[in-house]
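Notes to accompany the following structure.
Chain A is the first sequence line, chain B the second, and so forth, proteins listed ahead of strands; every chain is numbered from 1. Fair warning: this is a prediction, and the values are worked out from it, not measured in the lab. All values below were derived from every heavy atom in this structure, side-chain atoms included, with hydrogens, water molecules and symmetry-related copies excluded.
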Amino acid sequence: MDKYTKHTSVAALMNRSNVDTDQIIAKQFLKKVERTGFGQHLFHDWRFNDDGTENAEFELNNPNFANAKILVAGDNFGCGSSREHAPWAIDDYGFNTIVSTSYADIFYNNCFKNGILPIVVDADTLKAIMAEISANEGVAFTVDLENQSMTTPGGIKVHYDLDGFRKNNLLEGLDDIGLTLQHIDKIGSYEEEHKQQFPWLWAS
Amino acid sequence: MSDVNTAKTMYEKIWDTHFVHQEEGQAPLLYVDRHLMHEVTSPQAFEGLKIAQRPIRNNHSILATLDHCVPTKLADRINLPDRIGAKQVQTMIDNCAEHDLTLYDMQSKNNGIIHVVVPEHGFVHPGMTTVCGDSHTATHGAFGALAFGIGTSEVEHVMATQCLPQSKSKTMLVKVDGKLSKFSTAKDIALAIIGQIGTAGGNGYVIEYAGEAIEALSMQGRMTLCNMAIESGARAGLVAPDEKTYEFLKGKEFAPKDDQWERALAFWKTVPSDADAEFDTIIELRAEDIAPQVTWGTSPEQVVPVDKTVPAPGDFELEGKQIACQSALDYMGLEAGTKITDIPVDFVFLGSCTNSRIEDFRAAASVAKGTKVPDNITAIAVPGSYMVKEQAEQEGLDKIFTDAGWEWREPGCSMCLAMNGDQLKPGERCASTSNRNFEGRQGKGGRTHLVSPAMAAATAAAGRFVDIRELEQ
Ligand code: SF4
């Protein structure tokens, strides 16, 4: 996983609530057995017309949002399934930051495992941020993970809360599994007790 | 002398018995007892293990099935028509063989949807932790087990370490007292709750369902209810284990045997929340108030009782909900003010991990009996597993459905998510017993209305939604 560094990038606006994982990555693309290449299918049913051409009406096809790394979206982003294909697609498409008032639990979790920073802002702030993008399409925001801040040219300063552990993993690009395996002895002794307490779970 | 409340909720108890370690500045590590798998969310996890050269820590903790991609027409199961889907299926078979994992493949008499087959074999018990790369893992909360969906990175994490870094959820008690009318079901309770608290209402919470109406539910009903906990945004749903739970598990393949049974039982009885345990939030509903529910929009929270009408954007206070209402009306091709019972359907789907157990088929069959599905409507009945299918056939339910003009299929996820050949065409409208009515969920442009099995059967017979309370009994 790449380290998350401070960056100034174009913010794309998607003013929709409850964007669900079925929209983020439609099920016909879930059959791959690899982890890469999902970006081309991100928001497929919204992004493309039936004949395969780009749907000019769709937000992300707006040329001003080309190369955006920040995705600003309505409430409850990522609701629906646990499929990690959703953050894989978002990451592969080129976003590394999402801004919304709330996220579905599993999706939020999955973001951190894929180098994506999901920023939570309050409803008024989101409104102001959306207004700034609408008035100035193509505007770039600065995201500073270390200081947990995001600033806009229009003068909006956001400070967001973040779990310290997750923040550190993003900053360092750390592998969660390796971290857990450092405690393998503790897991081993827990298991010994567990076998005594719940032997029926260990009958094979 | 202390007035600190040491009483614990069921969630807190399960958390405490599964807490392994917390390193300063890191999330607590929670131990995982049971790991369920299907073909869609696991291949990349196996690939990751292989690349990092990590072994699976406990292969007995894993139970796998094939369900999402498998066709429900017998002929197609021999030779999967979809090449990419076939590769995913084959990858699962290969991975399970390589790591010596129990897999209920398509030829197995135990095959079916993961959340249907796992309880059939008694694999999940009260007080345990269970994960699966699938959000409807919440289903197993019906047994008083902490069961939740995880992403593929976490699937890999659990395979390698048998643990997950987890942050603690808040607790919500959803109390449903009173008695449900004979026309309403666990599905209607689930939809009514989501209608009340919204699809984000449970974000950050583990929900415990309690009260007279929950205690009165069968184990299968509790599974239906917990299955949809995720649709209210909750991490998991829980129902306290009781005599019904123990009775259900007794004698099942993975249930404790002989002298282990009494030991397990003694432990299980300690699992329910203490009487004076405190919850962060409490929601209360009266069972008598819960009419048969029908969703009208593209989110499970967009739901009304069957005798009501499709709402208008102006009926909602928040701007976001007004916009969502309008876009749902557009997508669903509905006009505000239309009576739900005036909405015609093209398709009826009876199945999915929410409602494909034997009781669901009995309930639907009792309504379907002697009816005839109109020619312009397709109705398919898809058992959740081969065990359900066989039981239904023994009881003659398949005949009732086929006589009424339904198709009787092989088990699988089928049209719940439409990645196996079963799907709606653009614009088609479906009464479905599944759990998600998102845009395109059942096929691009398809329109889904979530209902209970009995409501689905009544809808199939009439060609439009029906208030089953008005049917002659
Ligand atoms: S039936 Fe539907 S919700 Fe259940 S596991 Fe299959 S696809 Fe998921």
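In this structure, chain A has a heavy atom under 4.5 Å from the side chain of B/E47, while its backbone stays farther away. A/Y103 touches chain B through its backbone: at least one of N, CA, C or O sits under 4.5 Å from a heavy atom, while the side chain does not. Interface remark: B/A264 contributes backbone and side-chain atoms alike to the contact with chain A (heavy atom separation under 4.5 Å). In this structure, the portion of A/Y190 lying under 4.5 Å from any heavy atom of chain B is its side chain and not its backbone. Interface remark: A/N18 contributes side-chain atoms only to the contact with chain B (heavy atom separation under 4.5 Å). With a 4.5 Å cut-off on non-hydrogen atoms, A/K167 does not touch chain B at all. Neither the backbone nor the side chain of B/Q22 comes within less than 4.5 Å of any heavy atom of chain A. Heavy atoms of B/I84 lying under 4.5 Å from chain A belong to its backbone as well as its side chain. In this structure, chain A has a heavy atom under 4.5 Å from the side chain of B/Q162, while its backbone stays farther away. When heavy atoms are compared at a cutoff of 4.5 Å, B/N435 does not approach chain A at all. At a 4.5 Å heavy-atom cutoff, A/N168 makes no contact with chain B through either its backbone or its side chain. Neither the backbone nor the side chain of A/Q28 comes within less than 4.5 Å of any heavy atom in chain B. Looking at B/M92, there are no atoms closer than 4.5 Å to chain A (heavy atoms on both sides), in backbone or side chain. In this structure, chain A has a heavy atom under 4.5 Å from the side chain of B/T91, while its backbone stays farther away. Contact annotation for A/N110: only side-chain heavy atoms (C-beta onward) come within less than 4.5 Å of a heavy atom of chain B. Of the two parts of B/R263, the backbone and the side chain both hold a non-hydrogen atom closer than 4.5 Å to a non-hydrogen atom of chain A.
Ring-plane geometry between A/H44 and A/F48 is classed as tilted, the angle between the planes lying from 30 to 60 degrees on a 0 to 90 degree scale. A tilted orientation is assigned to the rings of B/H21 and A/H183, their planes being inclined by 30° to 60°. Between B/Y31 and A/H194, the two ring planes are tilted [angle within 30° to 60°].
Considering every non-hydrogen atom in both B/C163 and B/H157, the closest pair reads O-CD2, 3.3 Å.
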Walk me through it: do B/E262 and B/K257 pass the test salt bridge (charged side-chain N to carboxylate O under 4.0 Å, His left out)? CA-CA 9 Å; B/E262 289 304 323; B/K257 304 265 151 51; over 6 Å; no

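Remark: A/E191 engages B/R57 in a salt bridge, criterion side-chain N to carboxylate O under 4.0 Å. Between B/K168 and A/D163 there is no salt bridge, since no side-chain N of the basic residue sits under 4.0 Å from a carboxylate O of the acidic one. A/K31 has no carboxylate O lying under 4.0 Å from a charged side-chain N of B/E39, or vice versa, which leaves the two without a salt bridge. Between A/E146 and A/K3, no side-chain nitrogen of the basic residue sits less than 4.0 Å from a carboxylate oxygen of the acidic one, so the salt-bridge criterion is not met. Between A/D20 and B/R436, none of the side-chain N atoms (NZ, or NE/NH1/NH2) sits under 4.0 Å from a carboxylate O, so this pair counts as no salt bridge. Looking at B/E156 and A/R35, a side-chain N of the basic residue comes within less than 4.0 Å of a carboxylate O on the acidic one, giving a salt bridge.
Interface remark: of the candidates B/C69, B/A160, B/A418, B/A418 forms the most heavy-atom pairs closer than 4.5 Å to chain A. Chosen from B/G202, B/A200, B/G204, B/P300, the residue pairing most often with chain A at heavy-atom distances under 4.5 Å is B/A200. Listed options B/H125, B/E154, B/E231 were ranked by heavy-atom pairs under 4.5 angstrom with chain A; first place goes to B/E154. When B/G48, B/G127, B/S135 are compared by the number of non-hydrogen pairs under 4.5 Å with chain A, B/S135 comes out ahead. Residue with the most contacts toward chain A among B/D134, B/V89, B/T41: B/D134 (heavy-atom pairs, distance under 4.5 Å).
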